[in-house]
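Start at 1 and go down the list; that is how both ligands and their atoms are numbered. Numbering of residues begins at 1 and proceeds along the displayed sequence.
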Amino acid sequence: MRGRNLRGELDTFLAGRERELIDFRKDLHMHPELAFAEYRTTQRVVERLTAAGLSPSVLPRGTGVICDLGSGDGPTVALRADLDALPVPDEKDVPYSSTVPGVCHACGHDVHTTVVLGTGLFLAQQAAAGLLPGRVRLIFQPAEELPGGALEVMASGGISGVDRVFGLHCDPRLDVGKVGLKPGAITSACDKVTIRVSGPGGHTARPHLTADLVFALAKILTELPAALSRRVDPRSSLSLVWGRVEAGSVANAIPDDGIAEGTVRCLDEAAWHAAPDMIKTLLESVASAYGVEAEMEYARGVPPVVNDEVSVQMLREAAEGVLGEGAPMPTEQSLGGEDFGWYLESVPGAYARLGTRTPGAAQLADIHQGTFDVDESAIGVGVRFLAATALTALWDGRRPLAGEPLVSLNADQ
Ligand SMILES: [Zn+2]
Ligand SMILES: [Zn+2]
């Protein structure tokens, strides 16, 4: 690898392919598909990989693609994209706006898919030339927004044998050419909790002869978030916030059941793992104090994406090497959820933000807005970044001891 000019090779590859990739993304943008319905998108990815002589396989449910590159010894690095669009109307006036009413690639997954495809085509050339020091697995997962697509990939064995996994996401607050990096947690967990309380019910004149269910429910609503905040490390920012509560039908009758629903968000993985048991214990103690029965249903959303430090360092080396010294920028942890966190529960890896804002442009729409769009040059940037990351990780995986990087990413080395 020493003495190779990866920058130059990527320049040559993109000179021939960048236009095609931009058009590929426009085509996906015009034909967005919702979670677990990404049949056409899956087909387009399969066709392009097959045309390059690769052997992609579709996940059992019919959407999502996995494709392995290279056969040599060495580690396996996975690059993950997501295929699904959002149930949001496209409000942009561009020639490539969505042709599907009420559905739009408002989260940039069309860009992620195109970037991983382009990276795969480049790395396949490297593999064919015997220059891939290990294997690369391309993962085009369905249903990130649901979420659940990551679990589908994992259930199909999609990350078995993978030593490290990388993913990226469009960031409209970051200029194109920059990438946002953060070791540790970069997104947050978000779960849903439903609590049902029940009691004998009765007349409001005689609460002492029954269980005052509305009063007990109100105590649960206020005591649980308060007690929780004293049970976990404040740095985990665990928060339980109610969004719906319902009980009773008339002013003078104590109802026999009631329900409350809310979300649990947290920044920290340990708190996320501990949350269900902690909430259940607190719920039982408050409910028993007021003589009502309480049941809890806890629906896991996604864990926080917790970036592995070594993997972030690989992203940084790669970005500096092929995008320039000033390309990596620190980024903040978002309170949003991202199902990439599921992969990182079992495999080390990291998730980066890809700048998509045209430098100097006015404030652009955020993701999940119907006017969200990207600077198309972000696709080429993403391909350079992920290709260099994969090669860095493969070489690093072969390196017995940490030391001087073996990969020479710059032309002048
Ligand atoms: Zn999204
Ligand atoms: Zn997204």
Show which side-chain atoms of residues 211-221 pair as donor or acceptor with protein atoms under 3.5 Å away, not counting sequence neighbours.
none

(message) Can you confirm whether the side chains of Glu9 and Gln126 place a donor and an acceptor under 3.5 Å from each other?
(response) yes
(message) With rounding to the nearest 0.5 angstrom, report the CG to CD distance, Asp366 to Gln369.
(response) 5.5 Å
(request) Have a look at Glu145 and say which of its N, O or S atoms is nearest the Zn ion (ligand 1). (result) OE2
(request) Return yes when at least one N/O/S atom of His112 is nearer than 2.8 Å to the Zn ion (ligand 2), and no when none is. (result) no
(request) Return the name of the atom in His368, of element N, O or S, nearest to the Zn ion (ligand 1). (result) NE2
(request) Using only N, O or S atoms, tell me which atom of His109 is closest to the Zn ion (ligand 2). (result) NE2
(message) Among Asp396, Val310, Thr76, exactly one meets side chain to side chain contact (heavy atoms under 4.5 Å, CB included) together with Arg164. Which residue is that?
(response) Val310
